[in-house]
Amino acid sequence: MREALSENPDDAGGVARDDVLSALLSTIRLSGSLQFCFMPTGDWQTDATPSLASLSAKASGTMPFHIVAAGSCWLKTEGEETYLEAGDVLVFPFGTGHQLGAARDGMLVLPTRDLPQKPWREIPVLRYGDETQGVRLLCGYLQWDGLSFAPLRQSLPSLIHVRTRAANDSGWLRATIRQMVEEVDRPRAGGVSMLPRLTEIIFVEILRHQIMMAEPHAIGWLAALADPALSRCLSLIHDDPKRDWSLEQLAAASGMSRSALAERFQAMLSTSPIRYIRDWRLYLASVALATSGQPIAAIAYDAGYATEAAFNRAFSRTFGTPPAAWRATASTRGSS
């Protein structure tokens, strides 16, 4: 049966891509975003429970972000306070509640409440206070369905904080931030559509940063990409997910024994190579259900299941809803 995933050996050499993240991002794309400029001065603070997610028609997979373009302020989240300065980029993969501010007991500002109604012809700029010098933040959210892929979701922290001024390899990232500020300051035709693309570039670079900064004994999907053997194995899987990969093929291509590969996978990803393939195929099936008109039976076959009934059971276990209901919900979100 296709559901069992064949264990018959075959030559797997020469088909992998070295860049697993690129292969992943070619399938997982940002499905929406919102950007605005926030410029408070004096003593100020935001609400401790920001509502960026509520601005989206599809709250699932909504990640608030802040880019400090100028000035400084503090961030409070999960009981900790962090000093922020120009060049800092913050992403909250799970929408964790947080508060921004300058000084203590400052005026309460609610930028999400003060945003104008869409559609926007220009990126909104929200100013608070009378002083000319203050902090300048580029804020908003990203919608990313990639968080439905459990190995990636489980590897992300509640806060990703990158200090571009301190990173020697972040020159072009700083240049991208400057370009975003330029698009806000000097509106031109296409500017409203340009900012989401620049934001997506920054988000991809942040994921790359997380991989490069992985500690030697770190675990999780992003850390696995920094492991040469596991990265090679994951490259094979993501390059050709429909192939009936066997553990022998993957181990040989990764330069490891079957037992060593299985142990490394379990230690870093809390799963087996074969289970990982099933999970990735099911994620691809969820994308196909949401974005294509393919019959469910055809999607089931591509996911490695011999029958639609077996696929329905596996999909429901993973995503908590049957394929047909998943498709209907995605259609409703797309038309809202």
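All residue numbers in this chain count up from 1 along the given sequence.
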Thr77 side-chain N/O to Gly97 backbone N/O, donor-acceptor pair under 3.5 Å:
yes
Shortest non-hydrogen separation from Asp240 to Trp245 and the atoms involved
O-NE1, 2.9 Å
Side-chain heavy atoms nearer than 4.5 Å, only ILVMFWY residues, links allowed to pass through others: does that put Leu34 and Leu110 together?
no
Non-hydrogen side-chain atoms of Leu284 and Pro241 separated by less than 4.5 Å
yes
With distance as the sole test, does Thr164 use its side chain to make a donor-acceptor pair with the main-chain N or O of Gly87 at under 3.5 Å?
yes
Distance check, rounded to the nearest 0.5 Å: Leu84 atom CG versus Leu90 atom CG?
5.0 Å
Can you name the residues that form a side chain to side chain donor-acceptor pair (under 3.5 Å) with Ser158, not counting sequence neighbours?
Glu78
Modelled atom types, side-chain donor and acceptor of Trp221 and Tyr276, under 3.5 Å:
yes
Please list, chain by chain and in numerical order, all residues satisfying side chain to side chain contact (heavy atoms under 4.5 Å, CB included) with Ala262, sequence neighbours excluded.
none
Do Ile237 and Val287 share a hydrophobic cluster (ILVMFWY, side-chain heavy atoms under 4.5 Å, transitive)?
yes
To the nearest 0.5 angstrom, please state how far the CD atom of Gln99 sits from the CG atom of Leu75.
9.5 Å
Rounded to the nearest 0.5 Å, the OG atom of Ser246 sits from the CG atom of Leu250 at a distance of 6.5 Å
Take Tyr283 and Thr318, measure what side-chain contact (heavy atoms from CB on, under 4.5 Å) needs, and give me the verdict at the end.
CA-CA 9 Å; Tyr283 175 76; Thr318 299; over 6 Å; no
Taking C-beta and beyond as the side chain, do Leu159 and His98 meet within less than 4.5 Å on heavy atoms?
no
Can you find a pair of side-chain heavy atoms, one from Ser292 and one from Arg327, that are under 4.5 Å apart?
yes
Return the set of residues passing ring pair (Phe, Tyr, Trp, His ring centres under 6.0 Å) with Phe319 (not counting sequence neighbours), or none when no residue passes.
Phe315, Trp326
Main-chain N/O of Pro228 paired to Ser231 side chain as donor or acceptor, under 3.5 Å:
no
So, do Val135 and Pro40 sit near enough that their side-chain heavy atoms are less than 4.5 Å apart?
yes
Tell me if the centroids of the rings in Phe38 and Tyr128 come within less than 6.0 Å of each other.
yes
Following the transitive rule for hydrophobic clusters with a side-chain heavy-atom cut-off under 4.5 Å over Ile, Leu, Val, Met, Phe, Trp and Tyr, establish whether Phe94 and Leu222 coincide in one cluster.
yes
Contact summary for Met39 and Cys37, nearest pair of heavy atoms
CG-SG, 3.8 Å
For the side chain of Gln35 and the backbone of Gly140, is there at least one donor-acceptor N/O pair under 3.5 Å apart?
no
So does Glu85 get a backbone contact from the side chain of Asp88, meaning a donor-acceptor N/O pair under 3.5 Å?
yes
Non-hydrogen side-chain atoms of Val184 and Phe36 separated by less than 4.5 Å:
no
Which pair of non-hydrogen atoms, one from Ala229 and one from Met256, has the smallest distance, and what is that distance?
CB-SD, 3.4 Å
Using 0.5 Å steps for rounding, measure from the OG atom of Ser72 to the CZ atom of Arg136.
15.5 Å
Using the side chain to side chain contact (heavy atoms under 4.5 Å, CB included) criterion, which residues pair with Glu308? Sequence neighbours excluded.
Ile296, Ala297, Asn312
Would you be so kind as to tabulate the donor-acceptor pairs closer than 3.5 Å made by side chains of residues 149-157, with sequence neighbours excluded?
residue, atom, partner, partner atom, Å
Arg153, NH1, Leu147, O, 2.8
Ser155, OG, Leu152, O, 2.8

Here the gap from Met180 atom CE to Leu195 atom CG, rounded to the nearest 0.5 Å, amounts to 4.5 Å
Are side-chain heavy atoms of Glu183 and Gln179 found at a separation under 4.5 Å?
yes
According to a 4.5 Å side-chain heavy-atom criterion applied to Ile, Leu, Val, Met, Phe, Trp and Tyr, with indirect links allowed, do Ile160 and Ile219 form part of one hydrophobic cluster?
no
Taking only residues two or more places apart in sequence, or in another chain, which ones meet Asp105 in a side chain to side chain contact (heavy atoms under 4.5 Å, CB included)?
none
Does Trp74 belong to the same Ile/Leu/Val/Met/Phe/Trp/Tyr cluster as Phe92, with side-chain heavy atoms less than 4.5 Å apart forming each link?
no
side-chain contact (heavy atoms from CB on, under 4.5 Å) partner of Ile202, chosen from Val204, Ile206, Thr199, Leu198:
Ile206
So which atom in Leu108 and which in Asp47 form the shortest heavy-atom distance, rounded to 0.1 Å?
CD1-N, 3.6 Å
If you compare all heavy atoms of Pro273 against all heavy atoms of Leu247, which two are closest, and at what distance to 0.1 Å?
CG-CD1, 3.7 Å
Counting only heavy atoms from other residues, nucleotides and ligands, does the tally under 6.0 Å from CD of Glu81 exceed 12?
yes
Any heavy-atom pair between the side chains of Ser272 and Phe265 that's under 4.5 Å?
no
Between Leu236 and Ala253, what is the shortest heavy-atom contact and its length?
CD1-CB, 3.2 Å
Separation of Met268 CE from Asp227 CG (nearest 0.5 Å)
5.5 Å
Given side chains that start at C-beta, do those of Ile177 and Val89 come closer than 4.5 Å, heavy atoms only?
yes
